[in-house]
Amino acid sequence: MKLRIQPTTTVNGLAHALTTHFPTPPGTQLDSSQLSIWHGPALMDANQPLLIGYGNSIQFPATLQTANTTWTTARDTLSPTDDSLSFEEFFSQSHLQAPIGFFSFGFNQETPGIIQIQQRTFVQTSAGAWLLEIEGDTPLTFVPIPGVDPVFNLIDDTQASWLTSVTGLVQDLQAGVAQKTVLARDVIIQSSTPIDLSLVLRKLADAYPTCWQFAVAGLAGATPEMLADVRLGLVRSRVLAGTCTPGNEADLVDSIKDLTEHRFAADSVKDALAPLCTQLSANQKPFILQLPNVSHLATDVQGELAETTVSEGAPLISVLQKLHPTAAVCGTPREVAFELIAKHETTLRGRYAGPVGWMDAAGNGAAGLALRCGQLQADKQSMQLLAGCGIMPDSNPEAELAETRAKLRPMLSVFGLVS
Ligand SMILES: C=C(O[C@H]1C=CC=C(C(=O)O)[C@@H]1O)C(=O)O
């Protein structure tokens, strides 16, 4: 297949990019299941590209373990058209290797993930903007705008069973089975009309500018946690664990429970990255990341990747294979926590809490942790929203339940479902 790359007009943010480069015919909206987005702030000194993909051209099922070969197959299907910028010219302008793909992997190996290169991909970096389009594909398709305003309904019937699960897990933790385990629960949003994820992400971008907005194959949200940004031989990660409601940060920095919970998560990242890096640094003490709905203890980690990590396959994938699942979404020790999740959690995580992001042909890119998000269902009118908490031996189940409510708030607000 052939790919045409052309410079295009730069835009001022996500909303502007969508209206300028993905205009819909009158009376239609974008089909949420065909939309991929990556948008968000710089992490340390690494600016994030703004990426929007539409039209599911090249789609491969993949797990993190198969991702290297899957990505090589996917990217090698494309060569430039005669009237395209060459891939070398595109690289010299953007520092990205064409083509560019989106991915989203499951929390566990059994869950199918996806790698895809889309029919039209808009790419904007600090150096300019480009459109990457697969030649000769069928025309892009859109869905009709319903004639009536949507009505949203929330089904939140997991609170009681989750409290029971947390109580059982706390007993196991107090008995010394593990030190920390993350437990998640879900709620369902039902809409009277097809959900427009482009609108959802525009609202999240406005309300949560310090988070990374993402959408891949119907999984969409705004995550505050960067699992790994891998570019130019460097890896950067933001680890979050330990949470309070805004205004209670002074207690958070003194809470032994939260500091310990955070240390497990930060150590899991540093320990996984150390063998892959020649040099690794991190904040000595966690800092506070303030979001509108919650504040977190945060640690930023940065490393120089060893030559072997960079030269074998896609470096981002190699890093993710070692990192995932960190103790921010699984627990400590990892294998025991994984078993405790299987024992106590009744939620189907799917791709929630897995890596989600983008990658260029050379395997550089970024993966956020798919948190504060929802999965669009097959009917395109309902979404499963998920939120989890790091449970410790001294966790209070009611307080953890309140924390899930706070973590669900960004997505619920978009639908007007919180007061
Ligand atoms: C698992 C989630 O959050 C993780 C990330 C930050 C803080 C967390 C906590 O304090 O429990 C969790 O480890 C979620 O948002 O669903």
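For ligands, and for the atoms within them, numbers begin at 1 and follow the listed sequence.
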Handout entry: Structural part of L371 in contact with ligand 1, heavy atom criterion under 4.0 angstrom
Key = side chain
Completion exercise
ligand 1 atoms nearer than 4.0 angstrom to some heavy atom of C389 are 11 (O)
Problem - Validation row, ring centre F338 to ring centre F107 under 6.0 Å - result: yes
Exercise for the section: Would you mind checking which non-hydrogen protein atom is closest to atom 2 (C) of ligand 1, with the distance to 0.1 Å? Expected result: G388 O, 3.3 Å
Problem - Donor-acceptor pair, side chain of R120 and main chain of H21, under 3.5 angstrom - result: yes
Handout entry: Heavy atoms of other groups near D45 CG, more than 12 under 6.0 Å
Key = yes
Problem - Top protein contact for atom 5 (C) of ligand 1, by heavy-atom distance - result: E225 OE1, 3.4 Å
Exercise for the section: Considering heavy atoms of the protein only, find what lies nearest to atom 10 (O) of ligand 1 and give residue, atom and distance to 0.1 Å. Expected result: T243 OG1, 2.5 Å
Exercise for the section: Please write down residue, atom name and distance for the protein heavy atom closest to atom 8 (C) of ligand 1. Expected result: K407 NZ, 3.3 Å
Handout entry: Close-contact set for ligand 1 against R372 heavy atoms, below 4.0 Å
Key = 3 (O), 5 (C), 6 (C), 14 (C), 15 (O)
Problem - Heavy-atom gap A387 to ligand 1 smaller than 4.0 Å - result: yes
Problem - Minimum-distance pair of heavy atoms, taken over all atoms of F122 and A17 - result: CE2-CB, 3.9 Å
Practice task
Answer yes or no: is there an ion pair linking R238 with D229, defined by an N-O contact shorter than 4.0 Å?
Solution key: no
Completion exercise
Closest to atom 4 (C) of ligand 1 among protein heavy atoms sits A328 O, 3.5 Å
Practice task
May I ask you to decide whether E339 forms a salt bridge with K343, counting only side-chain N to carboxylate O separations under 4.0 Å?
Solution key: no
Exercise for the section: In plain terms, say whether K257 and E400 are close enough for a salt bridge, that is, a side-chain N and a carboxylate O under 4.0 Å apart. Expected result: yes
Exercise for the section: Considering only NZ, NE, NH1 and NH2 on the basic side and carboxylate oxygens on the acidic side, decide whether D31 and K380 come within less than 4.0 Å. Expected result: yes
Exercise for the section: Report, in ascending order of atom number, the atoms of ligand 1 lying under 4.0 Å from any heavy atom of H296. Expected result: 6 (C), 7 (C)
Practice task
State if E261 counts as touching ligand 1 under the rule of any non-hydrogen atom under 4.0 Å.
Solution key: yes
Practice task
Number the atoms of ligand 1 from 1 as they appear, then name those within less than 4.0 Å of a heavy atom of G242, with their elements.
Solution key: 9 (C), 10 (O)
Completion exercise
Per-atom filter on ligand 1: closer than 4.0 angstrom to a heavy atom of Y352 are 1 (C), 2 (C), 14 (C), 16 (O)
Exercise for the section: Looking only at protein heavy atoms, identify the closest one to atom 11 (O) of ligand 1 and say how far it is in Å. Expected result: G390 N, 2.8 Å
Problem - Q321 (side chain) donor-acceptor with L316 (main chain) under 3.5 angstrom - result: no
Problem - Any E403 heavy atom less than 4.0 Å to ligand 1 - result: yes
Problem - Closest non-hydrogen atom pair, P246 against P292 - result: CG-O, 3.6 Å
